[in-house]
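Just below is one structure, and these are the notes that go with it.
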Amino acid sequence: MSAPIETPPAASDFIRDKVRADVAAGKYGGRVATRFPPEPNGYLHIGHAKSICLNFGIAAEFGGVCHLRMDDTNPTTEDPEYVASIQRDVKWLGFDWGENMFFASDYYDALYELAEKLITLGRAYVCDLTEEQMSEYRGTISEPGRDSPFRERSVEENLDRFRRMRKGEFKEGECVLRAKIDMASPNMKMRDPPIYRIKHAHHYRTGDTWCIYPLYDYAHCLSDSFERITHSICTMEFESARELYDWVVEATEVPWVPKQTEFARLNLSYTVMSKRKLLELVEGKHVSGWDDPRLPTIAGLRRRGIRPEAIREFCARIGVAKNLSTVDVALLEHCIREDLNAEAPRVLAVLDPLKVTITNWDREPDELDAAYWPHDIPREGSRKVPFSGELLIDREDFMESPPKDFHRLAPGRAVRLRHGYVITCNEVIKDAAGAVTELRCTYDPETRGGAAPAGQKKLGTIHWVSAAHALDVEVRLYDRLFSVEQPGSTEGVDWKSELDPQSLTVVRARVEPSLASAKVGERFQFERLGFFIVDEDTRGRALVLNRVIALKDGYAKLQKPKEPEKRARPQAPAAEKPAAEKALSREALALKSTYGITDDEARALANEPLLLSLLESAGRSEVVPFLVNEVLREIRSKELASVPFDGTALVELQLLVNDGTLSNKLAKDVLAAMIAGEGSPREIVDKRGLKQTTDEGAILAAIERVLAANADAVARYRAGNQNVIGALTGLSIKETGGRANPKLVGELLRKKLAG
RNA sequence: UCCGGCGUCGUCUAAUGGCAGGACAGCGGAUUUUGAUUCCGCUUAUCGGGGUUCGAAUCCCUGCGCCGGAACCA
């Protein structure tokens, strides 16, 4: 239930399309139930967030439910600490599973009963092969496996041994329960996969009740079934497990049959996402913990200061598809800035202070009014900012001999201090080593509040604080964890060596005094610098702030030498000579010579038995193009195993095309009707009045109606978009009830548009 | 190599036989007391080769490339 209202409306995707179609078809009684099924053996990361948003999002959109289920079937890796962190993270992301919190470990009894049932039905057996033997018997991806010598044990013996497994009479690894499927299956997952193994281990929830534990492929689908899940959504690496998923559900004869759908997992540039690598970073102390703000973990993102709104928006924007994809982290960063722009009040802070003395300041400190929000954000509020004779600015905002486009402070130049006065630099003080230690400037009293002096239109603005008033704080500047786009993608290079040593810089910074009351978790924008959050390491008045994300820096970009354009696919030359094509099979060769057809046609025919039988009953090569191009499409897309007509009907159809009764397009419509069982081609033509027309008057009239109704498209055509003619042709044909001769429509249309 | 999946702007993703669209990134301009934001504009793509069709990113054949699958992990 559950997604909060402010969740961005998700654009549709192939999974939502499927759910929508299932609901419309009344599948599962129109019910929608999804689940997010993490194993509690690690922390959630932004890749999980994608799955969470998908599963909870779909449930919310279709009035269904989304369960949170711990897939805890491996006692040796799981831990309640992870359960707690997962619950916290899902909740923090803004989702609510309500009553629907489940644990696979709660199903151990039911799973065990079904395993006994499988044995009783002769669909599972206890196998005593060792692990190495089993893998040897399994064969390889290109060679079939061999049956285990224990495969034909009697039901009684299997039942007895399985019960003894449960009682703890065997050592770990001594035997397993296997599904009895097919050792020769091309899908390795189907070669009698183990479904129960012995583990004399303490489970964090069931304690020492069990010493056998079900494996994923067995437990997961049944858990889905127990929970009456309708759409079991998972990532692509489980694709070959789907066949087994379906087998288990069917073989155990459970009443509820969920269906699995896979989508591509999220990869992000400049970071790593695998549990193994994340664990290695944490355990190897490359980061400070699971919540290190540089990590893509939910805990890390939260500590970094990113709001769940930004993550949800990001997940909505990346979409859901099956392509292997690596999303540019710049998109995440964009979502973070976009979210914080309207949420973080602006304040002044200096990260790398340089002293500025205002030589003509001869009074008490001034109290300036400073709005918290810029003009384009409709929010109220301001604070006082003290201005005095001794200020601090960021070192970056001064250059002794600046280029022309540097609109900041330099000897003899003026700059506006944000919310303050315009100052002019008169003198640069340096230490013995030649480093600048102080700037001596004068202020213009007429410019209080930042008003531009007469005649000075273009004036840079920089941030500053008053030295005597500013707070001394710790600021942690976080950046991308890795310095390369795809860590680990270069052969022979350890991915850990690609960590960016500068992903964290800690500085002592000075911030305006209003931050004295800032609370942990509060976010600010330090003007011109970035977004910051008060970190939980803050102790009393000793503020610690994390940089969430830097502001975009147009000037820095100007300075950077342009990256050479990475362009041009390094693919072209291969296209020169056509690669050797696959030799024709014996069957195809025979077809080719019998019917005098092309290689391509023979191949397509040989691939599809249904097509072959149609051709045989037709006995004429004339129907081959239609068979290969149209009939094949229909039977593939509708997954047909048979059709309610034979080849003679196709010959009849072909004759109708030949004598001009039907256009090719109409023939396709007739074919669809034939598949729907509406009778012979001639009957369908008569019944539906599908006869093709070449009546120019009628066609012209239709074209005129279409052109009148689509003036904009006509304009685009005349403006040079030739492709529009396709759409207009289609529309015109449709206008005649699909009966117009397409070629004629095209000719007339072209003539009409030209004239 | 066997089975399966996937190939659309630099990146992610739409277009379900009929005008290749959007977002991010990039580039240019306007506005700006944040070189931010906002606004406007621009560049850039259907993996190659054949076929079917009036019309193909989409259907068929084929080549190529990438990913996943041989845990008693999930």
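Just so it is clear, the values below take in all heavy atoms, side chains as well, and ignore hydrogens, waters and symmetry mates. Residue numbers begin at 1 in each chain, while the letters A, B, ... track the order of the sequences.
The phosphate of B:A71 (OP1 or OP2) has a side-chain N or O of A:Arg138 nearer than 4.0 angstrom. Contact annotation: A:Lys668 side-chain N/O to B:U52 OP1/OP2 distance is not under 4.0 Å.
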Requested in this report: Give the intermediate values and the outcome of side-chain contact (heavy atoms from CB on, under 4.5 Å) for residues A:Leu44 and A:Phe36.
Outcome: CA-CA 11 Å; A:Leu44 261 27; A:Phe36 174 63; 4.1 Å; yes
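Comparing A:Gly139 and A:Leu332 along RNA chain B, the residue whose closest nucleotide (by nearest heavy atom) sits nearer the 5' end is A:Leu332. Position along RNA chain B of the nearest nucleotide to A:Arg750 versus A:Ala451 favours A:Ala451 as the more 5'-ward residue.
Base pairing of B:A70 is not made with any nucleotide, judged by Watson-Crick or G-U wobble geometry with both donor-acceptor distances under 3.5 Å. B:G65 and B:C6 make up a base pair, with Watson-Crick or G-U wobble contacts both under 3.5 Å. The partner of B:U11, taking Watson-Crick or G-U wobble pairs whose two distances both stay under 3.5 Å, is B:A23.
You'll find that the side chain of A:Ser142 is closest to B:U1, out of B:A36, B:U1, B:C72. Closest to the A:Ala330 side chain, of the nucleotides B:C12, B:C24, B:C54, is B:C24.
You cannot call A:His220 stacked on the base of B:A74; the centres under 5.5 Å and planes under 30° rule is not satisfied.
Not a single donor-acceptor contact under 3.5 angstrom links the side-chain atoms of A:Glu630 to the base of B:U52. A donor-acceptor contact under 3.5 angstrom links the side-chain atoms of A:Arg408 to the base of B:G35.
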